Protein chains: 2
Amino acid sequence: MQKKRTTLKDIARATGVHVSTVSRALDPTERKSITPEVVAKIQAAAERLDYRPNRIAFGLRTNRTMTVGVVIPDITNPIFPPILRGIESVLEPLGYASIIVNTDSEREREIRLLEVLRDRGVDGVIHAAVLRSDPSIAKAAQDGLSVVTLNRRVENSNIPYVINDEDLGICEMLRHLTKLGHRRIAHLAGPQDLSTGQLRLAAFRSAAERMSIEIDPQLIVTAMRFDEDEGARCTRELLASGHDFTAVLCANDRLALGCIDVLRENGLDCPSDISVSGFNDMPFLQLARPRLTTVRIQQYDAGITAASILLRLMNAGADDDIPLETVLPVELLERESTGPVAAQRR
Amino acid sequence: MQKKRTTLKDIARATGVHVSTVSRALDPTERKSITPEVVAKIQAAAERLDYRPNRIAFGLRTNRTMTVGVVIPDITNPIFPPILRGIESVLEPLGYASIIVNTDSEREREIRLLEVLRDRGVDGVIHAAVLRSDPSIAKAAQDGLSVVTLNRRVENSNIPYVINDEDLGICEMLRHLTKLGHRRIAHLAGPQDLSTGQLRLAAFRSAAERMSIEIDPQLIVTAMRFDEDEGARCTRELLASGHDFTAVLCANDRLALGCIDVLRENGLDCPSDISVSGFNDMPFLQLARPRLTTVRIQQYDAGITAASILLRLMNAGADDDIPLETVLPVELLERESTGPVAAQRR
DNA sequence: CGCCAATGTGCAATCGTTTGCATATTCAGT
DNA sequence: ACTGAATATGCAAACGATTGCACATTGGCG
């Protein structure tokens, strides 16, 4: 029932020229081949009739939809909104719109949603939910779809990725804890099929080795998801194991929040009994008490960076060489959840 | 550089029938007019060639993009992600994709983004960022665009809207406070150009009247935005006014969080000195201490409801009568930020 | 055996653009 | 004034689907 919009044909009729002339007059790069006064006439008519180009027809003809897909695990996870705003801040001014889809970290969903995006002819995809080995996205990239991955990377591929300096973050955190006197340090690792989980665990191991801290293998527990429930479960496991520890370095903030809750349930105070650290500095973390010591990652900037790379990818001359890896700096935030190792141990 | 996809024409060539026959064979509602064996042959070919319909071409021909626009103030505000998931949960299975845009509550941005959405030929719009009087969206609806507003409503229009039972929520909160003995109750009102702000203030006034509680006009302070900074500012104003109060009923959670911070800065404990209440029960609120007494609104369900109504609107026979107003139930959550009025007043 | 209705398929136009090519006009140079 | 280039515009074919209509085939029935 939409009131019909004015088309090139309408303008052509109104100005007495051919529709192709109108098309050229309205296209900045083609405009030069048209007499200035007829350009003026056409622009005036376009203005008067309130012409708005039909992007669908444009898309069909040119095979460019000016749309990008953004794949994330779950928009409800607060680290993603800032990323999305970052992406939007570079893409939207250029006329791109984005379609955001949530995979809930389910492989079938991810595959299906990727199909959906391709069906809609997106010009590119920013993917913040890839698995470490992810054939579907690799294949899409192979087929010529422009793809950038964010926060994670798919191995053995030449898909550009933007990640945070996980290594440095973990390393600084570990140094921070040792400086406070901690030696028996547990690690709540993230899911190992996600590159962040895997990277942070590897970073933990290698940093410990470098600093000559002996890590009891029993003190490394792996979560199946990055959420509070898993943080709680892993902490219970840790306590049940009977192995002693004075600090827990968690692979992200949500694990840390779950961890602190369980410690409290068991009469252990954070930080006076046990220190706990997070990773990400997610939004709203400042509401939690004790305020969590964590590693800040650049969420908004990550979005900006990924979008910029995607742009270059989409408009790439083959000449253009796009950086495969971009590592964003991180920052240690010392707050209240970590403190000096207690004098008397439990 | 995309590897070219298979089209109806390819299937037609492969099966030796006309492209229109292929189209019909693949369309469930048209299928019945084609001989079963040729349907089978066509489907087999479609399968074999991995045919995926081109939605762009479909959109151009049928004027249906199977895309809806979702307009929100800011995805970074945690009440929106659940709403979006709710919307997605009904629209995505039906083949719709959504384009989400952030207005940052700026009128020009809102107008421009609405244009963007219309340019892209969205089939409908869910608008959670309208102003109380909003000509641009009213005009769009007039032009035949399907629109539903969410959380807010535009006055003097017949645009269907989904809101929460603000009235009931405020009323129950006020009753809760009075039951605790509070009489001198302040109100941190939201922006009055947003219908939630306006509705909640009106509800506050009328509920107070119904309960015969006298409200000092000086104890009503209006925020310019729904955020912590404004909550803080208004609370300072309240304290500076010198008027006495024992409770602050805030128009939303973020105002309440800002309020509590400022009270604490001034040596006032919540709830033992002053009770504070919020509204929305936004995600991550449970991290805050004291845990905030608030009114839970149904965020996910609001998304579901709005999407369902939009669907009916988009597929409306004129016969179909769509509810103009949907009011979702709310629930009072008594937590720690409200308590009995202190024996000795400051 | 012939006629008509029913059924299945093909034809071609259409949606609104873009774009390679053909054509018409202008203009400069001799 | 005539040729040839340069320049501006028009023509028409795409892009990939849908859909009203025409046509051909079949089968039933008198």
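Given the structure is predicted, the values throughout are model-derived calculations rather than measurements.
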>> So that I can tick it off, tell me whether A:R55 and B:D119 are bridged by a salt bridge, with the cut-off set at under 4.0 angstrom between side-chain N and carboxylate O.
In response: no
> Are A:D10 and A:R13 ion-paired here, with the side-chain N under 4.0 Å from a carboxylate O?
Replying inline: yes
> Taking only residues at least two apart or on different chains, which pairs with a member in residues 66-76 of chain B satisfy side-chain hydrogen bond (donor to acceptor under 3.5 Å, both in side chains)?
Replying inline: A:R85-B:D74, A:R120-B:T67
> Under 3.5 Å, is there an N or O donor on one side and an acceptor on the other linking the side chain of B:S20 and the base of C:dC11?
Replying inline: yes
>> Could you tell me how far apart B:D10 (CG) and D:dA17 (C1') are, to the nearest whole angstrom?
In response: 13 Å
> Which ones in residues 33-57 of chain A lie close to DNA chain D, meaning a heavy atom under 4.0 Å from one of its atoms?
Replying inline: A:S33, A:I34, A:T35, A:V38
> Using a cut-off of less than 4.0 Å, is there contact between a side-chain N or O of A:H18 and OP1 or OP2 of D:dC11?
Replying inline: yes
> Can you check the A:D119 CG to D:dA17 P distance for me, whole Å?
Replying inline: 11 Å
> How many Å lie between CZ on B:F58 and C1' on D:dT19, as a whole number?
Replying inline: 12 Å
> Within this structure, what is the CZ-to-C1' distance between B:R13 and D:dG16, rounded to whole angstrom?
Replying inline: 13 Å
> Taking CZ from B:R64 and P from D:dT19, how many angstroms apart are they, rounded to a whole number?
Replying inline: 10 Å
>> Within the 4.0 Å heavy-atom criterion, would you say A:T7 contacts the bases, only the backbone, or no part of the nucleic acid?
In response: sugar-phosphate
> Side-chain contact, heavy-atom cut-off 4.5 Å: A:V162 with A:P160?
Replying inline: no
> Do B:R24 and D:dG20 have a side chain to base donor-acceptor pair shorter than 3.5 Å?
Replying inline: yes
Please output the side-chain donor-acceptor pairs of residues 32-39 of chain A that fall under 3.5 Å, not counting sequence neighbours, one pair per line with the distance.
unit_1: A:K32; atom_1: NZ; unit_2: A:T29; atom_2: O; d: 2.5
unit_1: A:S33; atom_1: OG; unit_2: A:E30; atom_2: O; d: 2.9

> Below 4.0 angstrom, N of the basic side chain to O of the carboxylate: do A:E106 and A:R112 qualify?
Replying inline: no
> How do B:L60 and B:D27 order along DNA chain D: which one's closest nucleotide is nearer the 5' end?
Replying inline: B:L60
> Roughly how many Å is it from CG in B:L8 to P in C:dC11, rounded to a whole number?
Replying inline: 15 Å
> Does A:K9 place a side-chain N or O at less than 4.0 Å from the phosphate oxygens OP1/OP2 of C:dT17?
Replying inline: no
> Between B:G16 and B:T62, who's closer to the 5' end of DNA chain C by nearest nucleotide?
Replying inline: B:G16
>> Looking at B:R152 and B:D193, is any side-chain nitrogen of the basic one under 4.0 Å from a carboxylate oxygen of the acidic one?
In response: no
> A:N63 has an atom CG; how far is it from atom C1' of C:dT19, in whole Å?
Replying inline: 15 Å
> In whole Å, what is the span from the CZ atom of B:R5 to the P atom of D:dA17?
Replying inline: 8 Å
> Does a nitrogen or oxygen in the side chain of B:T21 sit under 4.0 Å from OP1 or OP2 of C:dG10?
Replying inline: yes
